[in-house]
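Take a look at the structure set out below.
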Number of protein chains: 2
Amino acid sequence: MSNEHRPHRPASAATLADVARAAGVSEITASRVVRGRGPISAATRAKVEAAIAAVGYVPNRLAGGLASAGSNLVGVVLPSLSNSVFPDVLSGLNAAIAGERLRTLVAVTDYDLDAERDAVAALLAWRPAALVVVGLEHRPETREMMAASGATIIELMDVEGEPVDLAVGLSHTAAGAAAARRLLARGRSRIGYVGHGAGDLRAAKRRAGLEAALKRDADLALAGAHVLDAPSSVGAGRAALAALLDAAPELDAVVFSNDDMALGGAFHCMAAGVDVPGRLALVGFNGLELANALPKPLTTVRTARGEIGRIAGEMLCARLRGETPPRVTDVGFDVVAGGTD
Amino acid sequence: MSNEHRPHRPASAATLADVARAAGVSEITASRVVRGRGPISAATRAKVEAAIAAVGYVPNRLAGGLASAGSNLVGVVLPSLSNSVFPDVLSGLNAAIAGERLRTLVAVTDYDLDAERDAVAALLAWRPAALVVVGLEHRPETREMMAASGATIIELMDVEGEPVDLAVGLSHTAAGAAAARRLLARGRSRIGYVGHGAGDLRAAKRRAGLEAALKRDADLALAGAHVLDAPSSVGAGRAALAALLDAAPELDAVVFSNDDMALGGAFHCMAAGVDVPGRLALVGFNGLELANALPKPLTTVRTARGEIGRIAGEMLCARLRGETPPRVTDVGFDVVAGGTD
DNA sequence: CTGTTAGCGCGTTCAA
DNA sequence: TTGAACGCGCTAACAG
């Protein structure tokens, strides 16, 4: 009621009513110009815009969202930010939705499915227009919450499994198999594996695809494996390859769980004087920009991370426009022939 | 076009009233158990919790925020996600605030101060508990909006300038000077610079600090510089160093705008057979984990990125508890003596 | 420990 | 092209 002299106190921020009063129009008219909706005469629009500037109005999306039963938020649940993969995805997503004035609400789970469940619940409380999660494997409650929410749900990175709603990604099993076939074609037969900590289900699928293809195509088993119980990192990859070669010096190729680990492997070889690819072939996964700038570019399986984010953003915009995007989008992958195999 | 997006909600999302009815208590009682606030008897808590599960209640934070005049959101405005620096910061921040049930609302500006202004306005509309931005240089309107919002404002990465509210970071001028002194102490005198695209104001401060210290301590000017008008990347660093050495082959040291660029420089030297540090010294900035896993670790100026995020998160939690954190926190930096100088 | 009252600021629905 | 009334779902401030 009291709004005669409003001090510069953010405690009482200007509301639409203040704008309307200053402009000499009704609240709803002010609301319409704020949102750029409905027919407004140029004259009243100008008055209202002046009033907005005069009172320093900042819309309250809490109220707006409550009144209209939904927000322009996109919940994003990511396993990690510690290598460039998910930041790349987030970047592509952000770029694709910026035009629709959608905002990303981000949570990080550290590859923990219980943390994912909590994050999904917390983000759903914001009545997001869409929720983006990584992978197709979730706790049953997580799936139920997502399905029951009515929001557009997009599951990223993987296409092997049944999505709750929409999925954009690639087949990690196929990617692992492609690495296997690449090495077999290059004449390698004593193939090892270096991996990182549990929780990364897609890395596990790649390894399974690798092993299955080795078996099927050449009746081979992995000739050695070293899996660190730690997040992937270049340092971890370096240490892990050193350990693996120690235990299995006869290996002629190593597949890594991702490029960070592979880069570490490459650095170990440089430092230890292991001839790559002469004595040992190295294959990574992701196709990081960095890995291609090496003196000897890394042979790797490149994924379109930014593009996955971008496509997810576009699908979600399509959905909001009432269109029906394809349920599953497989963006595939490329085997990049570098110099390490 | 609308800025309001309406998800396809199920006809009947359960509300607190549904929970209250199912539990046979009042709404406010149900609300208290949902929020874990206020004294509740074990018996009624159990009843309400059963009701929550039975009706599949998901709280509506839009309504909650409106009623309590504020959200548990932390707006985060980042210049970029394309190298690990800001993801590292975001990671630290997220980890520090997770315990307080705060969520990050993320916007990316591509180092554009106008985009920053728009992002700040958009995030403020969510009545965030705090707003985290990068750098101390903003458009005047941006500063005004932030100051007027009443939210806790934290400006990250830099401490040279007057913060709107709170700042956590380091002196980039001093970091640049430290690189200069390091090289001078190692006997270098023909020092060049490789930089990346405009917009990165802190990189500019580092360069200025480098040049000022060279002048002051040794009356030296830069013996060459190559600045790409592109975002920093390993590939860009590699190309830029090649170009710089072409134009100024007499250089005996190069300082890079950051580690990504410096890594590219190191890779160029490996590929081109440039003896590092014999003929040429290389110095980076950031102290990426990766740069330390190289066969010859990069000499660089390490910044505590994750820690900056963490401290920001803690300061903001302190503020929310009514404490008064220090206005400016300088986390400093370390010159890391690698093998490239 | 629990309930009542009274909005929060906005957008929808209808009417003019 | 503009406006009035109503309520979205929840919580602060008091009671009791």
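For the numbers below, each heavy atom of this structure counts, side chains included, while hydrogens, waters and symmetry mates do not. Letters A, B, ... are given to chains in the order of the sequence lines, protein chains preceding strands, and every chain is numbered from 1.
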Can you tell which of B/R143, B/E144, B/E116 makes a side-chain hydrogen bond (donor to acceptor under 3.5 Å, both in side chains) with B/H138?
B/E116
Distance test, side-chain N/O of A/S41 to OP1/OP2 of D/dT2, below 4.0 Å
yes
With respect to B/V164, which candidate in B/I153, B/L136, B/L131 satisfies the side chain to side chain contact (heavy atoms under 4.5 Å, CB included) definition?
B/I153
Taking only the side-chain nitrogens and oxygens of B/S26, find out if one of them lies under 4.0 Å from OP1 or OP2 of C/dT4.
no
Is the closest side-chain donor-acceptor distance between A/T142 and A/R117 under 3.5 Å?
no
Side-chain N or O of A/T29 closer than 4.0 Å to phosphate OP1/OP2 of D/dT2
no
Using the side chain to side chain contact (heavy atoms under 4.5 Å, CB included) definition, which of the options B/L105, B/V134, B/L93, B/V89 pairs with B/V76?
B/L93
Summarise protein proximity over nucleotides 9-16 of chain D in one line of letters, 5' to 3': B for base, S for sugar-phosphate only, - for none, counting protein heavy atoms closer than 4.0 Å.
BBSB----
Using a distance-only test with no angle check, is there a side-chain donor-acceptor pair under 3.5 angstrom linking B/T152 and B/R319?
yes
Residue pairs involving residues 42-57 of chain A (criterion side chain to side chain donor-acceptor pair (under 3.5 Å); sequence neighbours excluded)
A/S41-A/T44
Decide if atom CZ of B/R101 counts as having more than 12 heavy atoms of other residues, nucleotides or ligands within a radius under 6.0 Å.
no
Can you find a pair of side-chain heavy atoms, one from B/S149 and one from A/V58, that are under 4.5 Å apart?
no
Five pairs per end, C1' atoms only: what is the angle between the end axes of the helix from C/dC1-D/dG16 to C/dA16-D/dT1, to 10 degrees?
20°
